[in-house]
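In this chain, numbering begins with 1 at the start of the sequence shown.
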Amino acid sequence: MFSFAKRAQKSGLLAVGVLPDRVQCARFAYDGALARLSFWHEEMASGGRGQVLLQLARGAGVKSARCATLLAPGDYRLLQTEAPAVPEEEVGEALRWQLRDQVDLPVETAVIDHLPLPDAGGGGRPRQVFAALAAEAVIAPLVRDFQAAGLDLQVIDLPELAQRNIAALFETENRGLAFLAFGETSALLTFNYQGELFALRRIEIGAAQFAGASAERRDQLAERVVLEMQRSMDTVDRQFSAISLSRLMLLLPPESGLEAHFANAFYLPFETADLATVLDLSCCPALLAPEMQRQALPVLGAALRREEAR
């Protein structure tokens, strides 16, 4: 049910994000220079996921839509590992056994997919892949909830890949790009090259921790974020020396004060990522606001997945 492949199509899947307090839906069309947001829906929601999806299908007119959705960070494992030396069609099964001692879930029944890291001429390193694994106990109820609501779930995506899709729109040709986006409970730092993800770090500090914090507490949180990012950038410089990063794009919590800490911490230029410069969001003026873009980034990124028409 994972699907890491990217294929072209004029009309995209409906991405559905079920959050603790709301549900978000987005769909893009590809009929101009920029991907055009053709459908956006957000509503406050409470109750179990199945109840939320039923309410969505009945009220938003999306019943029978071909859908993608996102796993929450704690519902899967995403690991970088050496690619098994087997034919491509056997990589998934080979990874299942290669990673059996590295994950705390039953690999025999786990859902697994993989994504090759881009080849940047890194000096003869063994070929690397990202491997994603999720327990059947996570995937099966998710599929059942969509089916019960009359929603055709085609793809189960990951936040890291959704962010990759957004970051790719800001890339400079033949240069890498770092992208930091804050969710409510954690932040995600990703590194792109030629439209693909090649490194990442999840930082266990989210927007909710900055909200209402004292100035002293915000400074402490910011220093921890900077330290985590410096470690990641040092690792990227060592392991991917052939990839030159062009800049760092940011979607930060309001009033976090992080920009002031970044100014003297990084060699990269940095700027706020305005999604309206790379996407046509005119159907929803609310998405022109930076804070709304920060909150909507995962579902917008998942909606940018382009599956081939059937």
### Message
Among residues at least two apart in sequence or on other chains, which ones pass side chain to side chain donor-acceptor pair (under 3.5 Å) with Asp152?
### Response
Gln154
### Val111-Leu161 co-clustered via ILVMFWY side chain contacts under 4.5 Å
yes
### Query
Would you say the side chain of Leu258 lies within less than 4.5 Å of the side chain of Leu250, judging by non-hydrogen atoms?
no
### Task
Look at the rings of Phe28 and Tyr30 and say which category their plane angle falls in: under 30° parallel, 30 to 60° tilted, over 60° perpendicular.
tilted
### Query
Looking only at side chains, do Gln55 and Glu43 share a donor and an acceptor under 3.5 Å apart?
yes
### Query
For Ser38 and Arg27, does a side-chain donor sit closer than 3.5 Å to a side-chain acceptor?
no
### Qualifying ring pair (Phe, Tyr, Trp, His ring centres under 6.0 Å) pairs, either residue in residues 134-180, two or more places apart
none
### Query
Applying side-chain hydrogen bond (donor to acceptor under 3.5 Å, both in side chains), which residue pairs with at least one partner in residues 266-277 are found, sequence neighbours left out?
Asp237-Tyr267, Arg247-Glu271, Asp274-Gln293
### Query
Does Met292 belong to the same Ile/Leu/Val/Met/Phe/Trp/Tyr cluster as Leu169, with side-chain heavy atoms less than 4.5 Å apart forming each link?
yes
Show me, pair by pair, the donor-acceptor contacts under 3.5 angstrom made by side chains of residues 181-191, not counting sequence neighbours?
residue, atom, partner, partner atom, Å
Glu184, OE2, Arg294, NH1, 3.1
Glu184, OE2, Arg294, NH2, 2.8
Ser186, OG, Arg202, NH1, 2.8
Thr190, OG1, Gln163, NE2, 3.0

#### Entry: Any side-chain donor near an acceptor of the partner, Thr81 and Gln98, under 3.5 Å
yes
### Message
If hydrophobic clusters are built by linking Ile, Leu, Val, Met, Phe, Trp and Tyr wherever their side-chain heavy atoms come under 4.5 Å apart, do Leu70 and Ile139 end up in the same one?
### Response
no
### Query
Taking only residues two or more places apart in sequence or in another chain, which ones pass ring pair (Phe, Tyr, Trp, His ring centres under 6.0 Å) with Phe266?
Phe262
List the atom pairs, with distances to 0.1 Å, where a side-chain N or O of residues 221-229 and a protein N or O form a donor-acceptor pair under 3.5 Å, not counting sequence neighbours.
residue, atom, partner, partner atom, Å
Glu228, OE1, Arg201, NE, 2.6
Glu228, OE1, Arg201, NH2, 3.0

### Message
Can you confirm whether the side chains of Gln295 and Arg22 place a donor and an acceptor under 3.5 Å from each other?
### Response
yes
